[in-house]
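The structure appears below as structure tokens.
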Amino acid sequence: YSDALSGFAVGIGSLGEIVKHKRLVDDRFFIICKGQEQFCITDLVRTKPYLVAKVTWLEDRPSGEENLDELANEIEVLMKEVIRLSNRLNGKLEKEAQDLRKNQFPTPFSFFVGSTLEGAPMEQQALMELEDTEARLKRERETLRNTLNYLTAASAVKDVFPSP
């Protein structure tokens, strides 16, 4: 992630695996990546024509006492509700959200959740910079709750003032 105003890259990032790509008509690419490992930039080697840096790999620190599986399960429920309301507001067919967690342990699941927040790159970056799974999951829970509150209000307004 780099700041759009300054162009400077942030100090923490993720090694990405390109999952899907499509060449656009103007020779740019639409790329979907899956994060693999977190890193911290220790030194910039060069910035042109593209950024090259020395990095150190990061690992999540052990979390506190909270049951992370319970927290991850709560987040999965919130995600399903956000998806359901989003689909309803966008006129998509309502179907049962599938198993989003897919038996993942809390740490990889927390990174998956962050990756789904596509329209909020600064929030995604803030989540990636957290080196504690519990802290990341708690922040994701709060973000999903806020999103759910917004969608609930938008849905209520749409019900009261339906489109012609």
Side-chain angles (χ1 to χ4, degrees), residues 1-24 28-42 50-53 55-64 66-90 92-152 154:
Y1 176 75
S2 61
D3 183 291
L5 296 175
S6 68
F8 289 112
V10 295
I12 294 181
S14 177
L15 172 67
E17 171 190 353
I18 297 175
V19 178
K20 186 177 180 180
H21 72 283
K22 180 180 178 182
R23 185 180 209 125
L24 303 175
R28 293 181 304 138
F29 283 89
F30 175 75
I31 300 175
I32 297 175
C33 295
K34 179 180 178 184
Q36 298 294 327
E37 278 187 86
Q38 289 176 285
F39 61 81
C40 177
I41 295 175
T42 57
Y50 48 84
L51 184 68
V52 176
V55 301
T56 56
W57 301 106
L58 301 174
E59 288 187 35
D60 268 19
R61 292 186 303 247
S63 295
E66 185 160 334
N67 182 339
L68 296 184
D69 276 317
E70 273 183 31
L71 189 54
N73 289 336
E74 182 183 348
I75 288 168
E76 181 182 26
V77 169
L78 287 168
M79 285 182 72
K80 286 179 179 180
E81 191 61 16
V82 165
I83 291 167
R84 186 187 70 75
L85 272 176
S86 293
N87 287 342
R88 183 172 180 261
L89 283 167
N90 292 317
K92 295 182 182 176
L93 291 176
E94 283 197 37
K95 58 183 180 183
E96 181 68 29
Q98 298 174 356
D99 178 17
L100 299 174
R101 190 160 170 207
K102 298 177 183 166
N103 293 321
Q104 290 182 17
F105 287 110
T107 299
F109 180 65
S110 71
F111 287 115
F112 165 73
V113 173
S115 75
T116 66
L117 306 175
E118 293 176 16
M122 292 177 70
E123 180 64 14
Q124 286 181 309
Q125 182 62 37
L127 289 166
M128 188 185 331
E129 291 181 9
L130 293 173
E131 294 179 48
D132 180 295
T133 301
E134 182 178 347
R136 190 176 316 104
L137 286 169
K138 285 182 174 180
R139 182 163 179 160
E140 288 167 342
R141 179 178 60 190
E142 189 61 31
T143 299
L144 288 168
R145 282 179 178 164
N146 290 339
T147 303
L148 193 54
N149 288 339
Y150 171 81
L151 292 172
T152 301

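Excluded from the calculations below are hydrogen atoms, water molecules and symmetry mates; all remaining heavy atoms, backbone and side chain alike, are included. Throughout, residue positions are numbered sequentially from 1 according to the sequence presented.
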Legend entry - Exercise: identify the closest heavy-atom pair between Gln124 and Thr116: NE2-N, 4.5 Å
Inset, instruction - With sequence neighbours excluded, give me every side chain to side chain donor-acceptor pair (under 3.5 Å) pair touching residues 10-22. - result: Glu17-Gln36
Inset, instruction - Go through the side-chain N and O atoms of Thr107 and Thr133 and say whether any donor and acceptor fall under 3.5 Å apart. - result: yes
Legend entry - Partner of Leu130 by side-chain contact (heavy atoms from CB on, under 4.5 Å), out of Arg139, Lys138, Glu140: Arg139
Inset, instruction - Would you mind checking if Arg84 and Glu81 are paired as a salt bridge, meaning a charged N to carboxylate O distance below 4.0 Å? - result: yes
Legend entry - Spacing of CG belonging to Leu148 relative to NZ belonging to Lys80, to within rounding of 0.5 Å: 14.5 Å
Legend entry - Point-to-point distance, once rounded to the nearest 0.5 Å, from CG of Asn67 to CG of Leu71: 8.5 Å
Legend entry - Val113 and Leu127, any side-chain heavy atoms less than 4.5 Å apart: no
Inset, instruction - Kindly indicate whether the side chain of Arg141, heavy atoms from C-beta on, has any atom under 4.5 Å from the side chain of Leu137. - result: no
Inset, instruction - Quick one: closest heavy-atom pair of Glu59 and Glu131, and the distance? - result: O-OE1, 4.1 Å
Inset, instruction - Applying side chain to side chain donor-acceptor pair (under 3.5 Å), name anything that partners Arg88, two or more places apart in sequence or on another chain. - result: Ser155, Asp159
Legend entry - Greater than 12 external heavy atoms within 6.0 Å of Leu24's CG: yes
Legend entry - Residues forming a side chain to side chain contact (heavy atoms under 4.5 Å, CB included) with Phe39, sequence neighbours excluded: Ile41, Val55, Trp57
Legend entry - Trace of the side chain to side chain contact (heavy atoms under 4.5 Å, CB included) decision for Ile18 with Phe29: CA-CA 12 Å; Ile18 297 175; Phe29 283 89; over 6 Å; no
Inset, instruction - With rounding to the nearest 0.5 Å, note down the distance linking CG in Leu58 to CD in Glu129. - result: 10.0 Å
Legend entry - Rounded distance [0.5 Å steps], CG in Leu100 versus CG in Leu78: 11.0 Å
Legend entry - Minimum side-chain heavy-atom gap Ile75-Arg101 below 4.5 Å: no
Legend entry - Audit row: Asn87, Ile83, side chain to side chain contact (heavy atoms under 4.5 Å, CB included) steps and yes/no: CA-CA 6 Å; Asn87 287 342; Ile83 291 167; 3.6 Å; yes
Legend entry - Nearest-0.5 Å distance that lies between atom OG in Ser86 and atom NZ in Lys92: 8.5 Å
Legend entry - Closest contact, heavy atoms only, Ile12 versus Met128: CG2-O, 4.2 Å
Inset, instruction - Find the distance between CG (Leu85) and OH (Tyr150) and round it off to the nearest 0.5 Å. - result: 12.0 Å
Inset, instruction - Answer whether the closest heavy-atom distance between the side chains of Gln104 and Glu76 falls below 4.5 Å. - result: no
